[in-house]
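Notes for the one structure printed next.
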Amino acid sequence: MDAETIVSQGLALLKQDGLPGVTFRQLTTNLRVKAPAIYWRFKDKRELLEAMAEAMLRQELGDLAPMPAGQAGRPWLRSVLHRLRRAMLAYPDGARVVAGARPVRTPTLARIPEYGLRALEDGGLPLARAATIVYTAVHYTFGHVIEEQDSAGAEAAEEFAVAYPTVARVMHEGRRLGLTATDIFDAGLSLILAESADPE
């Protein structure tokens with residue numbers, strides 16, 4: 001049994017049942033193999049989830065390359081983080097899978113801060129400031145998508161609106177104004193990236 005087949009089946013389980021549905025027991029059942037066939041490729045669930053994270057990210061960011069010369073760092077990084085969000089939203093609990101992955105085992109994930117740091121540093125920012133901005137923006141993206149996926153539909157519950165009327169009012173206003181989840185994500189990202197304006 002090759003690793004690619006196992007990862008593909010893991011992603012199918014994730015798509016169907018979210019993270020709780022991704023178990024070695026279910027994998028062996030669906031693949032019609034014994035457990036050692038999976039443990040031969042992945043020593044534990046964390047390794048499997050990291051391989052799944054890499055596969056998820058490659059679907060959206062497989063062509064990620066350093067920022068082309070002549071571009072501004074801030075818009076380029078914004079675009080990359082929107083792609084990261086889309087990659088995670090493509091699967092239930094996708095943000096939890098990706099956020100829990102170690103960059104050393106997920107090269108596509110590692111390239112995001114690597115290229116982001118280069119882009120901002122090339123634009124004239126000191127490395128320490130660039131690092132603060134890049135890692136804050138990446139962690140914001142993780143947290144925002146985890147919240148999106150965990151709280152989907154919660155605002156529609158009547159009891160939620162009664163218990164948290166101010167939050168419900170903000171959500172209602174957003175819908176009334178036609179603000180999408182993407183708009184809200186981008187607004188927060190703008191606050192972070194405003195600190196990365198290229199020096200005059």
Side-chain angles (χ1 to χ4, degrees), residues 1-68 76-119 130-131 133-154 181-182 185 189:
M1 178 67 58
D2 62 89
E4 187 175 335
T5 299
I6 298 168
V7 168
S8 179
Q9 184 58 49
L11 290 174
L13 290 173
L14 184 66
K15 182 78 86 171
Q16 178 180 313
D17 297 316
L19 194 50
V22 183
T23 65
F24 275 31
R25 180 187 297 272
Q26 194 59 55
L27 280 169
T28 57
T29 298
N30 288 15
L31 293 170
R32 299 179 183 175
V33 297
K34 302 286 188 185
I38 295 176
Y39 283 110
W40 178 256
R41 298 293 182 183
F42 303 102
K43 71 176 183 181
D44 55 29
K45 187 172 179 179
R46 185 176 190 183
E47 279 197 1
L48 170 63
L49 291 177
E50 287 172 333
M52 290 168 54
E54 175 64 14
M56 289 165 52
L57 292 170
R58 279 181 160 177
Q59 290 172 9
E60 177 66 40
L61 291 152
D63 63 347
L64 183 62
M67 183 183 75
W76 180 86
L77 182 57
R78 179 194 300 273
S79 172
V80 170
L81 293 172
H82 272 279
R83 294 176 68 188
L84 173 60
R85 175 175 174 265
R86 287 196 298 271
M88 296 187 293
L89 284 174
Y91 291 86
D93 297 321
R96 291 194 179 278
V97 174
V98 173
R102 293 167 290 186
V104 70
R105 297 191 63 88
T106 47
T108 302
L109 178 60
R111 282 197 291 272
I112 294 172
E114 173 65 24
Y115 296 162
L117 289 168
R118 290 188 206 174
I133 292 163
V134 168
Y135 284 108
T136 299
V138 169
H139 294 155
Y140 163 75
T141 304
F142 288 158
H144 193 282
V145 180
I146 287 172
E147 179 66 19
E148 280 187 81
Q149 294 185 316
D150 283 358
S151 64
T182 300
F185 168 73
L189 193 56

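All of these numbers come straight from a predicted model, not from anything done at the bench.
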Would you call Y115 and V80 a side-chain contact if the rule is heavy atoms closer than 4.5 Å?
->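 No - every pair of side-chain heavy atoms lies 4.5 Å or more apart.
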
Would you say V97 and M88 make side-chain contact, with heavy atoms under 4.5 Å?
->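 Counting from C-beta outward, V97 and M88 never come under 4.5 Å.
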
Euclidean distance, [Y] [atom2] relative to [X] [atom1], rounded to 0.5 Å:
| X | Y | atom1 | atom2 | answer |
| --- | --- | --- | --- | --- |
| L48 | L27 | CG | CG | 6.0 Å |
| M56 | R86 | CE | CZ | 14.0 Å |
| K45 | I38 | NZ | CD1 | 12.0 Å |
| L84 | I112 | CG | CD1 | 4.5 Å |
| E4 | Q9 | CD | CD | 13.0 Å |
| R96 | Q149 | CZ | CD | 9.0 Å |

Of all pairs that satisfy ring pair (Phe, Tyr, Trp, His ring centres under 6.0 Å), the ones with a partner from residues 20-49, not counting sequence neighbours =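 Every pair satisfying ring pair (Phe, Tyr, Trp, His ring centres under 6.0 Å) with a residue in residues 20-49: F24-Y39.
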
Does a salt bridge link R83 with D63, judged by any charged N lying under 4.0 Å from a carboxylate O?
->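 Here R83 pairs with D63 in a salt bridge, since their nearest N and O are under 4.0 Å apart.
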
Please test T108 against E54 for side-chain hydrogen bond (donor to acceptor under 3.5 Å, both in side chains), starting from the C-alpha separation and ending with a verdict.
-> CA-CA 6 Å; T108 302; E54 175 64 14; 2.6 Å; yes

Check [X] against [Y] and note the closest heavy-atom contact, atom names and distance.
| X | Y | value |
| --- | --- | --- |
| G21 | Q26 | O-CB, 4.1 Å |
| P92 | L14 | O-CD1, 3.2 Å |
| E148 | A181 | OE1-CB, 3.4 Å |
| L81 | F185 | O-CZ, 4.0 Å |
| A95 | F142 | CB-O, 4.0 Å |
| A137 | L189 | CB-CD1, 4.1 Å |

Greater than 12 external heavy atoms within 6.0 Å of R111's CZ |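 It does: R111 CZ has more than 12 such atoms within range.
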
Does any donor atom in the side chain of Q59 or Y91 lie under 3.5 Å from an acceptor atom in the other side chain?
->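 There is such a pair between these side chains.
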
With side chain to side chain contact (heavy atoms under 4.5 Å, CB included) as the test, would you mind laying out the steps for L19 and L49 before giving the verdict?
-> CA-CA 9 Å; L19 194 50; L49 291 177; 3.8 Å; yes

Can you list the residues that meet the side-chain contact (heavy atoms from CB on, under 4.5 Å) rule with R102, with sequence neighbours excluded?
->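 Here the qualifying residues are R46, E47, E50, V104, R105.
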
[X] (side chain) donor-acceptor with [Y] (main chain) under 3.5 angstrom:
| X | Y | result |
| --- | --- | --- |
| T136 | I133 | no |
| H144 | Y140 | no |
| T106 | L109 | no |
| K15 | A90 | yes |

